[in-house]
Student: 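Just passing along the structure, written as structure tokens.
Each chain gets a letter, A, B and so on, in the order its sequence line appears, and its residues count up from 1.
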There are 2 protein chains.
Amino acid sequence: MAFAETFKALSDPVRREILTLLKKQRLSAGEIGNHFDMTGATISYHLSILKKAELVTETKCKNFVYYELNTSVVEEVMLWLSDLKGDYQDETV
Amino acid sequence: MAFAETFKALSDPVRREILTLLKKQRLSAGEIGNHFDMTGATISYHLSILKKAELVTETKCKNFVYYELNTSVVEEVMLWLSDLKGDYQDETV
DNA sequence: TTTCTATTTAGAAATATTTCTAAATATATG
DNA sequence: CATATATTTAGAAATATTTCTAAATAGAAA
């Protein structure tokens with residue numbers, strides 16, 4: 001996992017909102033797009049960045065592409081922050 | 001605290017390295033600059049972004065400006081991520 | 001006060017990001 | 001097969017970010 005890509009992915013408000021939507025359930029690209037006043041192409045661009053950062057995974061079904069939150073990468077980011085904070089409570093080190 | 005500014009601040013590798021340096025001890029702008037192959041002006045720019053995001057605090061002493069990590073904002077980011085992950089263990093909700 | 005050191009500010013150049021429209025791809029259905 | 005739906009890709013425009021040099025500011029020391 002590359003922190004550079006992950007933090008970059010998290011730095012955009014649209015992408016953070018997409019992740020928040022995916023917190024409850026997996027959604028198709030179109031369903032995600034419906035929550036925003038943007039073209040599908042733009043949503044697809046943001047999804048591609050979240051995917052590269054491994055913050056989401058995709059599953060194809062019929063002619064839909066479903067996206068799901070990948071909590072394990074979220075956890076890795078939390079560990080980085082936890083280490084920065086100097087809190088060794090939940091570290092494996 | 002504004003997550004937009006905080007995540008943006010965290011999204012740059014130079015700024016993450018500055019935060020890592022400040023993990024151990026507070027440092028002056030010049031001491032921070034010595035760790036990078038960049039001009040002082042560039043370091044000053046990065047410090048201003050970390051300061052706006054409240055990830056660091058500054059203290060002036062003589063003609064030095066010392067920077068210190070602000071762990072409370074780091075914790076707030078961790079809470080956001082924790083909520084995203086759906087782990088309510090350490091939440092006040 | 002003059003000069004030196006530390007840091008920031010201003011402005012410009014290079015690069016990266018975000019967004020759009022239009023076209024392409026891929027699958028489903030009549 | 002032809003058409004409709006869902007999504008992605010390509011390319012361009014607008015905007016934002018990162019970095020530099022040069023100049024400005026502020027305090028310390030001679």
Student: Can you tell me how far the OG1 atom of B/Thr6 sits from the CD atom of B/Glu76, to the nearest 0.5 Å?
Tutor: 7.5 Å

Student: Under 4.0 Å, counting only non-hydrogen atoms across every strand here, what does B/Gly40 touch: a base, just sugar-phosphate, or nothing?
Tutor: base

Student: Salt bridge or not between A/Asp12 and B/Lys8? Use side-chain N to carboxylate O under 4.0 Å.
Tutor: no

Student: When all nucleic acid strands are considered with a 4.0 Å heavy-atom cut-off, which category describes B/Ser28: base, sugar-phosphate, or nothing?
Tutor: sugar-phosphate

Student: Just how far, in rounded Å, is C1' of C/dC20 from OH of A/Tyr45?
Tutor: 13 Å

Student: When we call it a touch if two heavy atoms are under 4.0 Å apart, what does B/Ala41 touch: a base, just sugar-phosphate, or nothing?
Tutor: base

Student: Between C1' on C/dT21 and CE on A/Met38, what's the gap in Å once rounded to a whole number?
Tutor: 15 Å

Student: Just say parallel, tilted or perpendicular for the rings of B/Phe3 and B/Trp80, cut-offs at 30° and 60°.
Tutor: tilted

Student: When we call it a touch if two heavy atoms are under 4.0 Å apart, what does B/Lys8 touch: a base, just sugar-phosphate, or nothing?
Tutor: sugar-phosphate

Student: Can you tell me whether the side chain of B/Asn63 and the base of C/dT7 have a donor-acceptor pair closer than 3.5 Å?
Tutor: no

Student: If you find the nucleotide of DNA chain C closest to A/Arg15 and the one closest to A/Cys61, which residue's nucleotide is nearer the 5' end?
Tutor: A/Arg15

Student: Quickly work out the A/Lys52 NZ to D/dT8 P distance and round it to whole Å.
Tutor: 13 Å

Student: Identify which nucleotide among C/dT8, C/dA28, D/dT8 has an atom closest to any side-chain atom of A/Ala29, counting heavy atoms from C-beta outward.
Tutor: D/dT8

Student: Does B/Thr39 make a side-chain N or O approach to OP1 or OP2 of D/dT19 shorter than 4.0 Å?
Tutor: no

Student: Atom CD of A/Glu58 and atom P of D/dA6: how far apart are they, to the nearest Å?
Tutor: 17 Å

Student: About how many Å separate OG of B/Ser72 and NZ of A/Lys85, when rounded to the nearest 0.5 Å?
Tutor: 10.5 Å

Student: Quick one: A/Leu50 CG to D/dT8 P, roughly how many Å, whole number?
Tutor: 12 Å

Student: Which whole-number value in Å describes the distance from B/Asn34 CG to C/dA6 P?
Tutor: 9 Å

Student: Report the C-alpha distance between B/Glu31 and B/Tyr67 in whole Å, list the side-chain angles of each, state the deciding distance to 0.1 Å, and finish with yes or no for side chain to side chain contact (heavy atoms under 4.5 Å, CB included).
Tutor: CA-CA 10 Å; B/Glu31 288 171 322; B/Tyr67 287 89; over 6 Å; no

Student: Under 4.0 Å from OP1 or OP2 of D/dT19: is there any side-chain N or O of B/His46 that close?
Tutor: yes

Student: Which nucleotide sits closest to the side chain of A/Val65: D/dT8, C/dT8, D/dC20?
Tutor: D/dT8

Student: Answer with base, sugar-phosphate or nothing: what part of the nucleic acid does B/Phe36 contact at a heavy-atom distance below 4.0 Å?
Tutor: nothing

Student: For B/Tyr67, which contact category applies under a 4.0 Å heavy-atom criterion: base, sugar-phosphate, or nothing?
Tutor: sugar-phosphate

Student: Show the nearest heavy-atom pair for residues A/Leu84 and B/Leu19, with the distance to one decimal.
Tutor: CD1-O, 3.5 Å

Student: How many Å lie between CZ on A/Phe7 and C1' on C/dT17, as a whole number?
Tutor: 19 Å

Student: Which of these nucleotides, D/dT18, D/dT8, C/dT7, is closest to any side-chain atom of B/Phe64?
Tutor: C/dT7

Student: Please check the phosphate of D/dC20 (OP1 and OP2 only) for any side-chain N or O of B/Thr42 closer than 4.0 Å.
Tutor: yes

Student: Rounded to the nearest Å, what distance is computed from the CG atom of residue A/Leu10 to the P atom of nucleotide C/dT17?
Tutor: 15 Å

